[in-house]
Amino acid sequence: MQLDNGASLQSEINVTPLVDVVLVLLIIFMVVVPLLLEGYDVGMPKASDAPGPPPAEESQLVLSIGPTSCPVLVRPAGGGLPADCHVALADRLIPVADLPARMAEHLGGRPVDQHVLFVAADDRMNYEVILRIVDLARSGVDDVRIEFLTAD
Amino acid sequence: MQLGEPGRMQAAINITPLVDVVLVLLIIFMVMAPQMMRKGPDVALPETTKPREQGDERSRILVSIDGDGGLWIDEQAVESERFAESLRAAVGDEPDPKVVIRGDSRLHFREIRQAMLAVEQAGFHGVGLIARRAGAGGD
């Protein structure tokens, strides 16, 4: 830097502090993002000493997942669900791939506060399969509340 | 700083870059510290396509169920008989405690259901079931 002639000014913007700040922000976000959790808000089964689940009324949509129609008892390899997996939505057995469309059919016309899906899942089912089916069911309709019914 | 006389040299060391680097290191370690104390056991989370945001794990009470069905609250393994008690202890005086369940994907639904039941019996309504976005990296 030559300051011999006083009239000459520094003409370039100094970007070093800007780069510093950006790098720090980058590092912070890289580290914080893995700490965020993702998942599903669900209601819980009634305590076993409480009276059983309320009877499924006409307006209540019940999704039953059992090992006879969806025989996945151990974690399936890879993603997705087997094509032969069927679930019972409102007492009708449907292929699991149809679930988003059927959910939209059942709940689409209702106000959002009635978007409730009761899930009756068999104890022997693999947990990941249950979550994948719930995920599929939720993808059909906005803001579905999930309530798990007790099996016993 | 007067540079009018060309013969004179700058005598003070410029410490600005040093301070920059030190501050960056400080911030990195502040942020990394909780990461190193990551809560709970290793759990192979179930993978789904569209899980929803469940917040920062540091603001949640983490109930983990490992591959053998063992229960953990935050980083502590607990007996199932003492679960409710330990859960209340973990809540302490937090104003708005939220419980999430990290269940291993190899488990059967029974273990998850029993854990949800126990969480409800401890007085909570609603729980988050933690999943991992399919295709995402990390643990």
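Proteins get letters first, then strands, A, B, ... in listed order; numbering begins at 1 in each.
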**Message:** Looking only at heavy atoms and a cut-off of under 4.5 Å, which of B:Thr16, B:Leu23, B:Thr49, B:Val24 has the most pairs with chain A?
**Reply:** B:Thr49

**Request:** May I ask you to say whether B:Arg82 pairs ionically with B:Glu85, meaning some side-chain N is under 4.0 Å from a carboxylate O?
**Result:** yes

**Prompt:** Which pairs pass disulfide (SG to SG under 2.5 Å) with one or both residues in residues 80-109 of chain A, sequence neighbours excluded?
**Reply:** A:Cys70-A:Cys85

**Prompt:** With no hydrogens and no angle check, is any side-chain donor or acceptor of B:Arg60 less than 3.5 Å from a backbone partner on B:Gln54?
**Reply:** yes

**Request:** Not counting sequence neighbours, which residues clear salt bridge (charged side-chain N to carboxylate O under 4.0 Å, His left out) with B:Lys98? List them please.
**Result:** B:Asp96

**Item:** Residue part contacting chain B, namely of A:Arg138, when any heavy atom lies under 4.5 Å
**Value:** side chain

**Request:** Identify which part of B:Ile27 has an atom lying under 4.5 Å from any heavy atom of chain A, answering side chain, backbone, both or neither.
**Result:** side chain

**Message:** So for atom CD, which belongs to A:Gln114, do other residues, nucleotides or ligands contribute more than 12 heavy atoms lying within a distance under 6.0 Å?
**Reply:** yes

**Asked** Got a sec: does the CG of A:Asp91 have more than 12 other heavy atoms crowding it under 6.0 Å?
**Response** no

**Asked** Contact part of B:Val21 toward chain A, heavy-atom cut-off under 4.5 Å: side chain, backbone, both or neither?
**Response** neither

**Asked** Pick from B:Ile101, B:Ile130, B:Val119, B:Val100: which one has the most heavy-atom pairs with chain A under 4.5 Å?
**Response** B:Ile130

**Prompt:** What residues of residues 104-112 of chain B sit under 4.5 Å from chain A when only non-hydrogen atoms are counted?
**Reply:** B:Asp104, B:Ser105, B:Arg106, B:Leu107, B:His108, B:Phe109, B:Arg110, B:Ile112

Can you give each donor-acceptor pair under 3.5 Å made by side-chain atoms of residues 66-73 of chain B, sequence neighbours left out, with the distance rounded to 0.1 Å?
unit_1, atom_1, unit_2, atom_2, d
B:Asp66, OD1, B:Asp68, N, 3.1
B:Asp66, OD1, B:Gly69, N, 3.2
B:Asp66, OD1, B:Gly70, N, 2.8
B:Asp66, OD2, B:Trp72, NE1, 2.9

**Nearest-0.5 Å distance that lies between atom CG in B:Leu129 and atom CG in A:Leu37** = 12.0 Å

**Asked** Which answer fits A:Asp20, side chain, backbone, both or neither, if we ask what part of it has an atom under 4.5 Å from a heavy atom of chain B?
**Response** side chain

**Request:** Kindly compute the distance separating CD1 (A:Ile130) from CG (A:Asp135), expressed to the nearest 0.5 Å.
**Result:** 13.0 Å

